[in-house]
Number of protein chains: 2
Amino acid sequence: MFVNVNGHPGSRPKALGELGELSRARIVPSEFRYNKGTEIYGEAEPADYIYQVVDGAARSYKLLSDGRRQIGAFHLVGDIFGLENGLVHRFTAEAIVDTTVRLMKRCSLEHVAESDVFVALDLLNMTTSNLQHAEDHMLLLGRKTSLERVAAFLLEMDRRLTAAGVIALPMCRRDIADYLGLTLETVSRALSYLHGKGILGFLGQTQRQIVLLDRVRLAELDL
Amino acid sequence: MFVNVNGHPGSRPKALGELGELSRARIVPSEFRYNKGTEIYGEAEPADYIYQVVDGAARSYKLLSDGRRQIGAFHLVGDIFGLENGLVHRFTAEAIVDTTVRLMKRCSLEHVAESDVFVALDLLNMTTSNLQHAEDHMLLLGRKTSLERVAAFLLEMDRRLTAAGVIALPMCRRDIADYLGLTLETVSRALSYLHGKGILGFLGQTQRQIVLLDRVRLAELDL
DNA sequence: GGAGAAGCTTGATACAGATCAATGGTCCAT
DNA sequence: ATGGACCATTGATCTGTATCAAGCTTCTCC
């Protein structure tokens, strides 16, 4: 496990100048900036590039024909996304805030993987991390209550983006809801409940900065 | 895409004498029989083997501490399962009916993957198929109604195990419910509804043999 | 700095699906 | 053949979350 995908256990921190062991592919990556809310790629579009978040955050989602949305993952600083082992993307990806990504051509990557075992094994490790996240998320979506889901979300974000004890969420309540299979009102109510219980606190005026005051009780709420 | 995992698009039919391209590993697989309801491996157990269903069917699931269960996948004849790219299994696997599996040691497989690009790429393809299934299932669990879920389930089973126009389900209503994030009563009501609408019919005495009478209308119900 | 848009919370109500409960069928094992 | 362990269906009721609605706050951009 050498590459940091979604911050899963087994990953290691790494310098941002590289795309993990994929740097073996020796392809110079270029950077690109997406404004808040803009699409990085669309579902079923050709998957020509893979991406790494340099700054900002992105969401990957699927839509039903009537507009219902399921966000499969959030991509935070350092995460690699857009890696589909097929010809087309299976999600739409959008910048949640103004976001800078590093990107590299996928076809060249595939070509290298065919001749370089270490690149292939690295792709396998990244895909496995994504799979593990999806497996855990199926359990959450299929069987957890709204409070358990929100607790799990906070613990995930705590693990992945807490700086100086503060969770600075880049995404709005609707994004959280679409990630957890809930409505934004239910997410808001669960957060208010946790606030009332003294398990978390809000920082500043906006409700996007959260401080976890009691991780033990929060973890007990996520069965 | 050379290996048949969960019957996803891009897979090809294959003779049962092999474990896909993994046969390149040249490790003689042995067969084993599990009685209905018995455990093949447990969550968090060391992942020493990978498995291929020769006959029968299996379920992979996670449990919450209070017994709520989420089945992540059903493994039907020809499917390979138990392939974790970590040291331990992330699911518990059980035989749904009396089941024969072919198994091979995982450590030897890993060793071969490090020296053989084609084995590594094959593992990557299998993992990608599993990931794609999980991604689709997240959308189902997070955003679809009970009727949409049951319709999607029937279409998946139709694709994966219909013989002679009949879907012979190996699993009970509770298994279906735990796969779809519903209760068994809700699954039963949805099936009765589809029966009443003339979209499906039951064959014989048991309710496990289903004939799809109108795939078009069924597909319209799964958004 | 003011107007409008977006985002969040909170309350009232509705409803899809869960839960509780009863019945009948099938398949074994004795 | 009989008893009992599943298994599935169906009905009645309950409830967690969605939906509908209102109001407040904070951004954004003329």
Side-chain angles (χ1 to χ4, degrees), chain A residues 35-37 59 64 66-70 94 96-98 140-151 153 168-197 200-210 221 223, chain B residues 35-37 59 64 66-70 94 96-98 140-151 153 167-196 200-210 221 223:
Chain A
N35 287 326
K36 173 177 175 174
R59 56 183 170 243
L64 293 177
D66 64 356
R68 279 172 282 171
R69 182 178 71 157
Q70 179 62 44
E94 286 174 356
I96 294 175
V97 293
D98 290 353
L140 179 147
L141 293 170
R143 289 299 180 217
K144 291 188 182 180
T145 66
S146 61
L147 189 58
E148 288 163 359
R149 292 179 203 208
V150 171
F153 170 76
L169 297 174
M171 72 290 284
C172 65
R173 299 290 189 259
R174 174 169 293 282
D175 285 340
I176 300 171
D178 285 351
Y179 179 59
L180 299 179
L182 300 168
T183 60
L184 64 93
E185 292 94 333
T186 299
V187 171
S188 181
R189 282 183 236 272
L191 289 172
S192 295
Y193 172 84
L194 294 170
H195 186 204
K197 287 273 179 184
L200 63 80
F202 292 106
L203 219 71
Q205 340 293 15
T206 115
Q207 313 299 82
R208 297 269 185 102
Q209 311 237 76
I210 291 175
L221 291 175
L223 290 197
Chain B
N35 286 327
K36 173 178 175 173
R59 55 183 170 241
L64 293 177
D66 64 356
R68 278 173 283 171
R69 182 178 69 158
Q70 179 62 44
E94 287 175 356
I96 294 174
V97 292
D98 291 352
L140 178 147
L141 293 170
R143 290 298 180 217
K144 291 188 182 179
T145 66
S146 61
L147 189 58
E148 287 164 358
R149 294 180 202 209
V150 171
F153 170 76
I167 304 178
L169 296 174
M171 73 290 284
C172 66
R173 299 291 189 260
R174 173 168 294 282
D175 286 338
I176 300 171
D178 285 351
Y179 178 60
L180 299 179
L182 301 168
T183 60
L184 65 92
E185 292 94 333
T186 299
V187 171
S188 182
R189 282 184 237 273
L191 290 172
S192 295
Y193 171 85
L194 294 170
H195 186 203
L200 62 80
F202 292 107
L203 220 71
Q205 342 291 11
T206 116
Q207 314 297 84
R208 298 269 186 104
Q209 312 236 77
I210 291 174
L221 291 174
L223 290 198

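Quick note: numbers below take in every heavy atom, side chains included, and nothing from hydrogens, waters or symmetry partners. These numbers were taken from a predicted model, which means no experiment stands behind them.
- The span of DNA chain C lying next to chain B, judged by atoms under 4.0 Å from heavy atoms, is bounded 5' to 3' by C/dG17 to C/dT26.
- For B/L182 and D/dA8, the CG to P distance is 15 Å, given to the nearest whole Å.
- Distance, B/L200 CG to D/dT9 C1': 14 Å, rounded to whole Å.
- Looking only at distances, no side-chain donor or acceptor of B/R174 sits under 3.5 Å from a matching main-chain atom of B/L184.
- In this structure, A/S146 does not reach the D/dG16 phosphate: none of its side-chain N or O atoms is under 4.0 Å from OP1 or OP2.
- Within the structure, a side-chain polar atom (N or O) of B/Q207 is placed less than 4.0 Å from OP1 or OP2 of D/dT9.
- Among the heavy atoms of the strands lying under 4.0 Å from A/R189 is at least one base atom, whether or not backbone atoms are also near.
- Residue-level contact check: A/T183 touches the bases, meaning some heavy atom is under 4.0 Å from a base atom.
- A/G37 comes within 4.0 angstrom of nothing in the nucleic acid, heavy atoms only.
- Judged by distance alone, with hydrogens and angles left aside, the side-chain atoms of A/Q209 form no donor-acceptor pair with the main-chain N or O of A/F202 at under 3.5 Å.
- Residue-level contact check: A/L184 touches the bases, meaning some heavy atom is under 4.0 Å from a base atom.
- For B/S188, whose side chain is taken as the heavy atoms from C-beta onward, the closest listed nucleotide among D/dA8, D/dA18, D/dT9 is D/dT9.
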